[in-house]
Trainee: 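Quick one: structure below, then a few questions.
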Number of protein chains: 2
Amino acid sequence: MSLIEGEFLRGAGPVAVLKLLERGEMYGYEIVEALEKRTDGVLAMGQSTLYPMLYNLEAKGFVVARWDESGPRPRKYYRLTPDGKKRLAEDTRTWRRLTAAMGALGLARTPEAVYA
Amino acid sequence: MSLIEGEFLRGAGPVAVLKLLERGEMYGYEIVEALEKRTDGVLAMGQSTLYPMLYNLEAKGFVVARWDESGPRPRKYYRLTPDGKKRLAEDTRTWRRLTAAMGALGLARTPEAVYA
DNA sequence: ACCACATACTATACGGCGCATAGTATGCAG
DNA sequence: CTGCATACTATGCGCCGTATAGTATGTGGT
């Protein structure tokens, strides 16, 4: 599963997904793999975590889905809505404030690791 | 309340509390104020968030409590247990991996803000 | 030809925890 | 003496991670 303990993922997970979708539409399974690879396994999450998360983001109007039947197997592509873009911008600011606050408590990673 | 949206606090809250207690024992109300001041309001949390969190950390054996009746009003002081120190060390590593992963997705704060 | 594995999505249910709300009680300041 | 700060306790709602289970098709190996 993920290297990240459950509760950490609550805040970070949805933001990470929205951030991925900023580049263009993706389908669920693709997102699972992208998170695994792009974050070196740290933000890897099972299907049972991602799919409900997508349904949730859709219910909140942050993403919309589209079925694609042209391939060998049907895929459900998700993309950001304008509300989703707003949400991503807000969450990005929140995330940065949070990392700054945690840093103020002495929990920041070492400076030389910033561009890890 | 907090500047941090609820879900972000799930992972960060307990770690922040453990980190504060690393310096020495503190009582609940003091922790609420310290988080407010030391993180510029970002990690501020209400009593209704902190006290149950402390009970929870205690139930897990990460902190122990001691009543102090010497002051004008009774205070319940909490301090880290050996298990709590281990947990803090683990969570610190987890937190750093998480920020690195989020950074890899383009969600890091700008480098010049690292020492904010 | 067959079997295992990867792909891709859906459904259900449990449990943990943030947080709102409410309540108790003492000290201090105007 | 009235109100605000201090300091802790108790209860319950609701969200969401995630374990588990189920369905179904494509693909690679022997």
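Each chain gets a letter, A, B and so on, in the order the sequences are listed, and its residues count up from 1.
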Trainee: Please work out which of the three classes, parallel, tilted or perpendicular, describes the rings of A:Y77 and A:Y27, given edges at 30° and 60°.
Mentor: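 Plane angle over 60°, so perpendicular.
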Trainee: Taking CD from A:E58 and C1' from C:dT10, how many angstroms apart are they, rounded to a whole number?
Mentor: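 Whole-Å distance recorded here is 13 Å.
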Trainee: Under a 4.0 Å N-O cut-off, is there an ion pair linking A:D91 with A:R93?
Mentor: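 No salt bridge links A:D91 with A:R93.
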Trainee: Which atoms form the tightest heavy-atom contact between B:K76 and B:A65, and what is the distance?
Mentor: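 Distance-wise, the nearest heavy atoms are CE-CB, 3.6 Å.
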Trainee: Which listed nucleotide (C:dG18, C:dC19, D:dG17) is nearest to the side chain of A:P14?
Mentor: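 From the listed options, D:dG17 comes nearest.
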Trainee: Strictly below 4.0 Å: does A:T49 bring a side-chain N or O up to OP1 or OP2 of D:dG17?
Mentor: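 Checking D:dG17 against A:T49, no side-chain N or O comes under 4.0 Å of OP1 or OP2.
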Trainee: Rounded to whole Å, how long is the line connecting atom CZ of A:R10 with atom P of C:dG16?
Mentor: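 Rounding to the nearest Å, CZ of A:R10 and P of C:dG16 are 11 Å apart.
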Trainee: Within this structure, what is the OG1-CG distance for the pair B:T99 and A:L98, rounded to the nearest 0.5 Å?
Mentor: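 If we round to the nearest 0.5 Å, B:T99:OG1 and A:L98:CG are 10.0 Å apart.
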Trainee: Give the rounded distance in Å between these two atoms: CG of A:L35 and C1' of D:dT18.
Mentor: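 Atom CG in A:L35 sits about 16 Å away from atom C1' in D:dT18.
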Trainee: Show, in sequence, the C-alpha distance, side-chain angles and deciding distance for B:R87 and B:D83, and conclude whether the salt bridge (Lys or Arg N to Asp or Glu O under 4.0 Å) test is met.
Mentor: CA-CA 6 Å; B:R87 176 55 172 250; B:D83 274 0; over 6 Å; no
Trainee: Measure the distance from CG on B:L50 to P on C:dC19 and round it to the nearest whole Å.
Mentor: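 The distance from CG of B:L50 to P of C:dC19 comes to 11 Å, rounded to the nearest Å.
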Trainee: When the distance from CG of B:L9 to P of C:dG18 is rounded to whole Å, what number comes out?
Mentor: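 It works out to 7 Å between those atoms.
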Trainee: B:F8 has an atom CZ; how far is it from atom C1' of D:dG17, in whole Å?
Mentor: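 Going from CZ in B:F8 over to C1' in D:dG17 covers 15 Å.
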Trainee: Separation of B:L43 atom CG from C:dC19 atom P, in whole Å?
Mentor: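 B:L43 atom CG is separated from C:dC19 atom P by 11 Å.
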Trainee: I'd like to compare against my own output: the B/S/- annotation of nucleotides 3-13 of chain D with a strict under-4.0 Å heavy-atom distance to protein.
Mentor: ---BBBB----
Trainee: Indicate yes or no for a side-chain donor-acceptor contact from A:T49 to the backbone of A:M45 under 3.5 Å, with no hydrogens or angles considered.
Mentor: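 No: the side chain of A:T49 does not pair with the backbone of A:M45.
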Trainee: Grab the CD-P distance between A:E7 and C:dG15 for me, whole Å please.
Mentor: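 Going from A:E7 (CD) to C:dG15 (P), I get 15 Å.
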